[in-house]
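This report refers to the structure that appears directly beneath it.
Computed from heavy atoms alone, side chains included, the values below leave out hydrogens, waters and symmetry copies.
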Amino acid sequence: MKAYIDVTLKESILDPQGAAVKEGLIKLGYDVEGVRIGKHIEVELMDMEINEAEKLIREMCEKLLINPVIETYTFRLEV
């Protein structure tokens, strides 16, 4: 089983990297209203029940993978 985790800054947090990419895209002629930069994490899990895997991924995110003060996350599991 594999977990795909996407981490982004909370909307209330400034994203200087996203702002720089936005400016770069505009300079290239793209009509862009906003860019937010995040990170993507893939975790390969041992075989287990879906409920157990979801609980484990939430625990990993909250203990290590994200900074809950400034970041938020979503994930999906693929069996």
Side-chain angles (χ1 to χ4, degrees):
M1 179 180 309
K2 205 165 193 176
Y4 299 92
I5 305 162
D6 292 310
V7 182
T8 56
L9 291 171
K10 291 181 176 178
E11 288 296 323
S12 60
I13 303 297
L14 292 177
D15 181 1
Q17 189 178 11
V21 170
K22 176 187 169 188
E23 289 304 313
L25 291 171
I26 289 171
K27 286 179 183 174
L28 290 173
Y30 295 102
D31 188 19
V32 177
E33 190 169 335
V35 176
R36 301 288 287 176
I37 301 292
K39 60 186 171 185
H40 178 79
I41 303 167
E42 295 181 10
V43 177
E44 197 162 335
L45 300 169
M46 301 292 197
D47 288 335
M48 64 181 68
E49 297 292 324
I50 292 290
N51 291 346
E52 185 181 357
E54 289 175 348
K55 181 181 174 189
L56 192 62
I57 291 298
R58 284 190 184 93
E59 188 177 296
M60 289 177 185
C61 287
E62 291 164 15
K63 285 186 174 178
L64 179 70
L65 300 176
I66 73 157
N67 178 343
V69 175
I70 63 169
E71 295 174 322
T72 186
Y73 69 96
T74 58
F75 68 90
R76 68 181 171 84
L77 298 171
E78 184 177 289
V79 179

Crowding at CD, Glu62 (>12 non-hydrogen neighbours, <6.0 Å): yes

Passing candidate, side chain to side chain contact (heavy atoms under 4.5 Å, CB included) with Lys22, options Asp15, Val32, Ile37: Val32

Cluster link Leu64 to Leu45, ILVMFWY, side chain under 4.5 Å: yes

Side-chain heavy-atom pair Met60, Phe75 within 4.5 angstrom cut-off: no

CA sep, side-chain torsions, deciding dist, call: Lys2, Val79, side-chain contact (heavy atoms from CB on, under 4.5 Å): CA-CA 6 Å; Lys2 205 165 193 176; Val79 179; over 6 Å; no

Side-chain heavy atoms of Leu14 within contact of Leu9, under 4.5 Å: no

Trace of the side-chain contact (heavy atoms from CB on, under 4.5 Å) decision for His40 with Asp6: CA-CA 5 Å; His40 178 79; Asp6 292 310; 2.7 Å; yes

Minimal non-hydrogen separation, Ile66 against Glu71, with atom names: CA-OE1, 3.3 Å

Lys10, NZ: over 12 other non-hydrogen atoms inside 6.0 angstrom: yes

Non-hydrogen side-chain atoms of Ile5 and Ile57 separated by less than 4.5 Å: yes

From Ile70 atom CD1 to Ile13 atom CD1, the distance as rounded to the nearest 0.5 Å: 6.0 Å

Same apolar cluster: Val43 and Ile50, side chain cutoff 4.5 Å: yes

Leu77 vs Met1 side-chain heavy atoms within contact, under 4.5 Å: yes

Side-chain touch Glu44/Glu42, heavy atoms, less than 4.5 angstrom: no

Check: Leu65 and Val7 side chains under 4.5 Å, non-hydrogen atoms: no

Rounded distance (nearest 0.5 Å) linking atom OH of Tyr4 with atom CD of Glu78: 4.0 Å

